[in-house]
Amino acid sequence: MSLPFEPQSGPAPLAALRHSVSHVMADAVLRLFPEGKVAIGPPIEHGFYYDFELPRPLTEEDLPRIEAEMRRILAEAGEFRRLTLSRAEAEERLRAAGQPYKLELLADIPEGEEISFYEHGTWGDLCEGPHVARADQIPADGFRLLSVAGAYWRGDASQPMLQRIYGTAWWSKKDLKKYLAYLEEVQARDHRRLGRELDLFSLHPEFGAGLVFWHPKLAHVRRRLEEWWWRLHEERGYWPVYTPHVAGEPVFERSGHLQNYADMIWAPMDVDGRPHRVKPMNCPGHVTIFNSRRHSYRDLPLRFAELGTVYRYEPSGTLHGMLRVRGFTQDDAHIFCTPAQLEDEIVGVLDLVDVILRTFGYEYTAYLATRPEKSLGDDAIWEHAMAALRAAADRRGLDLADDPGGGVFYGPKIDFKIRDALGREWQGPTVQVDFNLPERFDIQYNDADNTLKRPVMVHRAIFGSMERFVGGLIEHFAGWFPVWLHPCPVAVLPITEEQEEAAAAVLERVRAAGFPAVLRSGGPLRRRVREAEVEKIPYMVVLGAREVDEGRLNLRVHGVKEQRSLTVDEFLGFLREKRDRRDLDY
RNA sequence: GCUGCUGUAGCUCAGUGGUAGAGCACCUCCUUGGUAAGGAGGAGGUCACGGGUUCAAGUCCCGUCAGCAGCUCCA
């Protein structure tokens, strides 16, 4: 993740600063809670955390107190000293300090490795370092404690839950302020907040947690995306299919989903005495269509596409707005091809991924996820698939980072990570080769030599889920959708009642050209301009007596200082161009 | 799912165990306005839900549901 500013450098790497601040924080927390136990406290991307076991839960109100204590410590701490101890000495010291978690960490240090402590003032901690040299190098106004949350000891859900304090630290107050401003920007773009403010979507517990209601404006965005998506797929030889949302349980036993992911599938419902399930995936449906007749090698590759809505029973604590939900629509497709066609098919997918991601201004990185420990299929077939993925990426000039062992049990894949306007990374498209499902459903084609062969299957999704992708777009664009997606790019504002008729005529023409628009009359213009701006409407057409006389309109564009005078035709031409080129700016 | 926090008007939030509040949004009227908040009035509440303590609960206790910050998980 990259930040929109270049942080100042200091006498040590930022990570050393943050690590040191985390030590000072642990010192401060133990001064306030002498019976507390400390666990781990590493530097992280833009700050640090430290995990504690404390006699009572911390609240946000404790953070300023801890910060104050930290500043007291900094004033008197002096040097950060590194000392190496023998294992016995270290054990003795941690036992005396009553620090069971540290003793566990010590026991994990392999024999023969150096055991080091870092001390400042009266505090010492088992630690590899590195740290700053002296406490006075830490700017007292360059750090801030941010939040408290639970975290399992060693990240293991069966271990005790500790309390984690997150903080951030920089070499200057200026950088800290910039970072806090960045966090505020992240908050201001939060799709849940914009979803409410702009009336985009809602969630309703009485319908169920994690089920999204798309309000008209966001539904418009989605429809535009879907229309474009279908056009791109039809141009590339995909065929639309529709498959049922519910299936008898044996379908998911055969696919293996029930055995492997029972927890993630919604509870069964009884239909005519037989258990049925709501589908967690679209692939069994697509395979079933493939299998409904005998295929020739001449049919391949066969590409089935569906905006398929699936339901997965995600744990309650993981639900998050539109980004992590229990019902969502995948932009799913399955390609059935011969092993020899695999590489070309993957090239086609990589090309489509690039076309789609570039349109939104997303940068992306691709990862090749290789064979995991637990997996199916023999080595030769894995090798062939990985070679195809690599060769395809190579032909596209796409660099593949490695994700060793990150593949799914049924085959290797390429995953994309996308970077949004704030430099944050999101889970992006995925292309997966599958050897398992063709096997399980015994799918075949009749080859040129009149023998039955097993096709290879490629799963791929580009948006991933409409919910997650559109939620991400809300944040990426901060609610300012580009013209081609915008649910209402134009507000027509007559200055007085005198211009209402002319305004209505302009409104009609804008709408007829395919752009949603609203007419807002009554009350001061200032107010209506503000309201349209708050609603994130990029184009305001202002009509006063002057404009009506001249047969022109006055155009106010978001983010542009100068107003423009245009005819309606010029304005519509301008809008069409923005739309058809899918421009990202206004 | 786990830990902690939170749940009061559509939104953001005040509210000592004793008659339910503000700003914004909404509605009505006035204002006819030149590029980010004109004025006045009005309506709006099962204080998340279910139990309990108490003469009395928005307020204290327990449970449920949901949301939030993380953790674990995400075929």
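Everything numeric here is computed off the predicted structure, so don't read it as measured data. Chain identifiers are assigned alphabetically (A, B, ...) following the order of the sequence lines, protein sequences preceding nucleic acid strands; residue numbering begins at 1 within each chain.
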- Between B:rU16 and B:rU6, how far is it from one P atom to the other, in whole Å? 15 Å
- Task: Taking atom C1' in both B:rA69 and B:rG10, compute the distance separating them and give it to the nearest angstrom.
- Result: 26 Å
- Pair A:Thr430-A:Gln432, side-chain donor/acceptor within less than 3.5 Å: yes
- Message: Within residues 551-563 of chain A, which residues have any heavy atom lying less than 4.0 Å from an atom of RNA chain B?
- Response: A:Asn554, A:Arg556, A:Gln563
- Task: Check each residue of residues 327-337 of chain A for a non-hydrogen atom within less than 4.0 Å of any atom in RNA chain B, then write out the ones that pass by number, or none.
- Result: none
How long is the straight-line distance from [atom2] of [Y] back to [atom1] of [X], given to the nearest 0.5 Å?
| X | Y | atom1 | atom2 | answer |
| --- | --- | --- | --- | --- |
| A:Phe469 | A:Trp426 | CZ | CH2 | 10.0 Å |
| A:Leu203 | A:Leu211 | CG | CG | 8.0 Å |
| A:Arg424 | A:Leu3 | CZ | CG | 11.5 Å |

Who are the ring pair (Phe, Tyr, Trp, His ring centres under 6.0 Å) partners of [X], not counting sequence neighbours?
| X | answer |
| --- | --- |
| A:Phe143 | none |
| A:Phe213 | A:His204, A:Phe207 |
| A:Phe435 | A:Trp382 |

- Query: Does NZ or CZ of A:Arg468 lie under 6.0 Å from the centre of the six-membered ring of A:Phe463, at an angle within 45° of the ring axis?
  - Reply: no
- Kindly confirm or rule out a cation-pi arrangement of A:Arg18 over A:Phe48, judged by NZ or CZ under 6.0 Å from the six-membered ring centre and within 45° of its axis? no
Take the protein atom [atom1] of [X] and the nucleotide atom [atom2] of [N], then report the distance between them rounded to whole Å.
| X | N | atom1 | atom2 | value |
| --- | --- | --- | --- | --- |
| A:Leu183 | B:rA69 | CG | P | 13 Å |
| A:Glu61 | B:rU6 | CD | C1' | 12 Å |
| A:Leu203 | B:rC65 | CG | C1' | 15 Å |
| A:Met540 | B:rA36 | CE | C1' | 8 Å |
| A:Leu58 | B:rU6 | CG | C1' | 17 Å |
| A:Leu493 | B:rU35 | CG | C1' | 9 Å |
| A:Arg528 | B:rG33 | CZ | P | 11 Å |
| A:Trp480 | B:rA36 | CH2 | P | 12 Å |

- Message: Classify A:Glu547 by what it touches in the nucleic acid, base, sugar-phosphate, or nothing, heavy-atom distance under 4.0 Å.
- Response: base
- Tell me whether the centres of the aromatic rings in A:Tyr539 and A:Phe574 are closer together than 6.0 Å. yes
- Starting at the 5' end of nucleotides 70-75 of chain B, put B wherever the base has a protein heavy atom under 4.0 Å, S where only the sugar-phosphate does, and a dash everywhere else. BBBBBB
- Given protein heavy atoms under 4.0 Å, the one-letter contact record of nucleotides 8-15 of chain B, with B base, S sugar-phosphate only and - none, is simply ---SS---
- Message: Pick the closest RNA chain B nucleotide for A:Gln163 and for A:Ala545 by heavy atoms, then say which residue is nearer the 5' end.
- Response: A:Gln163
- Message: Quick one, A:Tyr152 with A:Arg154, criterion side chain to side chain donor-acceptor pair (under 3.5 Å). Give me CA distance, side-chain angles, the key distance, then yes/no.
- Response: CA-CA 6 Å; A:Tyr152 299 111; A:Arg154 301 184 162 220; over 6 Å; no
- For the residue pair A:His257 and A:Phe252, does the interplanar ring angle fall in the parallel (under 30°), tilted (30 to 60°) or perpendicular (over 60°) class? tilted
- Message: Show every side-chain hydrogen bond (donor to acceptor under 3.5 Å, both in side chains) that has at least one partner inside residues 277-290 of chain A, sequence neighbours left out.
- Response: A:Thr243-A:Lys279, A:Glu249-A:Arg277, A:Lys279-A:Asn282, A:Asn282-A:Gln330, A:Asn282-A:Asp332, A:His286-A:Glu306, A:His286-A:His334
- Sequence neighbours left out, what pairs pass side-chain hydrogen bond (donor to acceptor under 3.5 Å, both in side chains) with at least one residue falling in residues 541-552 of chain A? A:Arg552-A:Ser565
- Item | Results of side chain to side chain contact (heavy atoms under 4.5 Å, CB included) for A:Ser158 - residues two or more places apart only | A:Asp156
- Considering only B:rC5, B:rA36, B:rA66, which nucleotide approaches the side chain of A:Val529 most closely? B:rA36
Could you write out each protein N or O paired with an N or O of nucleotides 25-32 of chain B at a distance under 3.5 Å?
unit_1	atom_1	unit_2	atom_2	d
B:rA25	OP1	A:Arg527	NH2	2.5
B:rU32	O2	A:Glu497	N	3.2
B:rU32	O4	A:Glu497	OE2	2.5

- Query: Any stems for RNA chain B, made of 3 or more Watson-Crick or G-U pairs in a row, each with both distances under 3.5 Å?
  - Reply: B:1-7 with B:65-71, B:10-13 with B:21-24, B:26-30 with B:38-42, B:48-52 with B:60-64
- What pair of heavy atoms forms the shortest contact from A:Pro284 to A:Ser255, and how long is it? CG-CB, 4.0 Å
